[in-house]
Amino acid sequence: MSRLKDFTVPSARPLPVIVLADISGSMGVDGKIQALNHAVREMLEAFQEEADLRAEIHVSVITFGGQARTHLPLGPARNAQWSDLGAAGGTPMGAAFELARQAVEDRNVVSSRSYRPTVVLVSDGQPTDAWQPPLAAFLASERGGKAFRMALAIGSDADHEVLKAFLADPAGRVYRADEAKQIRTFFQLVTMSVSSRSRSANPNSAPALADDGWDL
């Protein structure tokens, strides 16, 4: 009798992407929040077109503006329903770091089968809460410390030192968007980075992407 019935195709392992998005009041000027909404929506649409037996891209968006909250719970990108963000309040970045740490360390949110997460930080200002202890806790956590991290500073008021501390890598690059339209370019780079990992033989390896063409 055929043994084909005993053969099962292994399900794709989750590849988590968590975006920490600044939606404080200053993001409401110069078209920044509109550009952020457009860029994230494009990223989700691109991920929805990815299909690989090895990795399934999962996405979450944590916002911080007035308070930190999970705007899009972590789940398969193909199921994501995006609702546009508004801008208001201060910049509680530390609280966002804590939500990110809780998410990556919770096995009910990020399963033990998951590949190393990508965590993306986007901000146009300076934290208005105590950010150092939550960031230290995130980086010291097993999964937070191993995550691939990317950072975008929007405008001249963004705190580059905080973003560099988030990267915690002397060779890491803080991207800079002087204009709202460059937010889209950065998220295109994020999309390429994650898609490259999802298609690779080892999605836990660092994506091999050249920075030369991505001067924002």
Novice: Compare all side-chain heavy atoms of Pro203 with those of Ser200 and state whether any distance is below 4.5 angstrom.
Specialist: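 SC-SC contact between Pro203 and Ser200 confirmed.
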Novice: At their closest point, which heavy atom of Met150 faces which heavy atom of Phe166, and how far apart are they?
Specialist: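 Result for this residue pair: O-CE2, 3.5 Å.
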Novice: Please check if the side chain of Thr70 supplies one atom and the backbone of Pro73 the other of a donor-acceptor pair under 3.5 Å.
Specialist: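 It does not hold such a pair.
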Novice: Please determine whether a side-chain nitrogen of the Lys or Arg among Asp84 and Arg41 lies less than 4.0 Å from a carboxylate oxygen of the Asp or Glu.
Specialist: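 Judged by the 4.0 Å cut-off on N to carboxylate O distance, Asp84 and Arg41 do form a salt bridge.
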Novice: What verdict does the side chain to side chain contact (heavy atoms under 4.5 Å, CB included) test give for Leu15 and Arg197, after you've listed the backbone C-alpha separation in whole Å, the side-chain angles of each residue and the deciding distance to 0.1 Å?
Specialist: CA-CA 9 Å; Leu15 196 165; Arg197 284 183 60 205; 3.7 Å; yes
Novice: Arg54 versus Ser198: any side-chain heavy-atom pair under 4.5 Å?
Specialist: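 A side-chain contact under 4.5 Å is absent here.
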Novice: Could you tell me which non-hydrogen atom of Ser123 sits nearest to which non-hydrogen atom of Met93, and how far apart they are?
Specialist: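 Taking Ser123 first and Met93 second, the nearest heavy atoms are OG-CE, 3.5 Å.
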Novice: I'd like to know if Arg78 and Glu56 make a salt bridge, using a cut-off of under 4.0 Å between side-chain N and carboxylate O.
Specialist: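 A salt bridge is present here (some side-chain N lies under 4.0 Å from a carboxylate O).
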Novice: Are the side chain of Ser195 and the backbone of Met192 linked by a donor-acceptor contact shorter than 3.5 Å?
Specialist: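 Between the backbone of Met192 and the side chain of Ser195 there is no qualifying donor-acceptor contact (under 3.5 Å).
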Novice: Looking at Ala55, is its backbone amide N or carbonyl O close enough to the side chain of Arg199 to form a donor-acceptor pair, meaning the two atoms are under 3.5 Å apart?
Specialist: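 No, the answer is negative, given that no donor and acceptor are paired below the 3.5 Å cut-off.
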Novice: Check whether any side-chain heavy atom of Phe186 lies under 4.5 Å from a side-chain heavy atom of Val120, and answer yes or no.
Specialist: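 Touching, per the 4.5 Å side-chain cut-off.
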Novice: Quick one: do Asp178 and Arg176 satisfy side chain to side chain contact (heavy atoms under 4.5 Å, CB included)? Show the steps, please.
Specialist: CA-CA 6 Å; Asp178 293 321; Arg176 177 173 175 173; 2.7 Å; yes
Novice: Are side-chain heavy atoms of Gln34 and Met27 found at a separation under 4.5 Å?
Specialist: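 They are not in contact (no side-chain heavy atoms under 4.5 Å apart), so the answer is no.
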Novice: Do the non-hydrogen side-chain atoms of Phe138 and Arg149 ever get within less than 4.5 Å of each other?
Specialist: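 Yes, their side chains come closer than 4.5 Å.
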Novice: Which pair of heavy atoms, one from Asp124 and one from Ser24, lies closest together, and at what distance?
Specialist: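 Nearest heavy atoms, Asp124 then Ser24: OD1-OG, 3.7 Å.
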Novice: Hey, could you give me each pair passing ring-ring contact (aromatic ring centres under 6.0 Å, His included) that has a residue in residues 55-89? Not counting sequence neighbours.
Specialist: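 Passing the test, one end in residues 55-89: His71-Trp82.
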Novice: Nearest heavy-atom pair of Pro92 and Gly65: which atoms, and what distance?
Specialist: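 Closest pair (atom of Pro92, atom of Gly65, distance): CD-N, 3.9 Å.
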Novice: Hey, mind stepping through Leu121 and Leu152 against side chain to side chain contact (heavy atoms under 4.5 Å, CB included) and telling me if it holds?
Specialist: CA-CA 6 Å; Leu121 176 60; Leu152 175 67; over 6 Å; no
Novice: Measure the shortest side-chain to side-chain distance between Val104 and Ile18 over non-hydrogen atoms and say whether it is less than 4.5 angstrom.
Specialist: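 The answer is yes, as the side chains (C-beta and beyond) meet within the 4.5 Å cut-off.
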Novice: Spell out, yes or no, whether Ile33 and Val19 are grouped together once hydrophobic residues are joined by side-chain heavy atoms under 4.5 Å, including indirect joins.
Specialist: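 Yes.
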Novice: Keeping Arg116 on the side-chain end and Asn204 on the backbone end, is there a donor-acceptor pair under 3.5 Å?
Specialist: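 Side chain of Arg116 to backbone of Asn204, a donor-acceptor pair under 3.5 Å: yes, one is there.
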Novice: Examine Leu189 and Met43 and state if one hydrophobic cluster contains both, with Ile, Leu, Val, Met, Phe, Trp and Tyr joined whenever side-chain heavy atoms are less than 4.5 Å apart.
Specialist: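 Shared cluster, yes.
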Novice: Using modelled atom types only, decide if a donor and an acceptor are shared between the side chain of Asp159 and the backbone of Pro127 within a distance under 3.5 Å.
Specialist: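 No; judged by distance alone, with no hydrogens or angles, the pair does not exist.
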Novice: Roughly how far, to the nearest 0.5 Å, is the CZ atom of Arg101 from the CD atom of Glu98?
Specialist: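 Answer rounded to 0.5 Å: 4.0 Å.
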Novice: Specify the closest pair of heavy atoms between Ala165 and Leu139, including all atoms of both residues, with the distance to one decimal.
Specialist: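 Ala165 and Leu139 have their closest heavy atoms at O-CD1, 3.6 Å.
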Novice: Between Tyr115 and Arg13, is there a cation-pi geometry (under 6.0 Å to ring centre, at most 45° from the normal)?
Specialist: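 Yes.
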Novice: For Ser60 and Val17, what are the C-alpha separation, side-chain angles and deciding distance, and is it a side chain to side chain contact (heavy atoms under 4.5 Å, CB included)?
Specialist: CA-CA 6 Å; Ser60 174; Val17 180; over 6 Å; no
Novice: List the atom of Ala153, the atom of His160, and the distance in Å for their closest heavy-atom pair.
Specialist: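 Nearest heavy atoms, Ala153 then His160: CB-NE2, 3.6 Å.
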Novice: Can you hop from Val162 to Ile154 via hydrophobic side chains spaced under 4.5 Å?
Specialist: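 No, because Val162 and Ile154 fall into different hydrophobic clusters, even though each may have its own neighbours under 4.5 Å.
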Novice: Is Val119 reachable from Leu163 through a run of hydrophobic residues whose side-chain heavy atoms are each under 4.5 Å from the next?
Specialist: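 In one cluster: yes.
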Novice: Between Leu20 and Leu44, is there shared hydrophobic-cluster membership here, with clusters defined by ILVMFWY side-chain heavy atoms closer than 4.5 Å?
Specialist: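 Per the 4.5 Å side-chain linkage, Leu20 and Leu44 are not co-clustered.
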Novice: Tell me, do Asp22 and Val122 make a side-chain contact under 4.5 Å, heavy atoms counted?
Specialist: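 Asp22 vs Val122: side chains apart.
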Novice: Do Leu74 and Pro16 have side-chain heavy atoms sitting under 4.5 Å apart?
Specialist: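 Heavy-atom side-chain distance check passes, below 4.5 Å.
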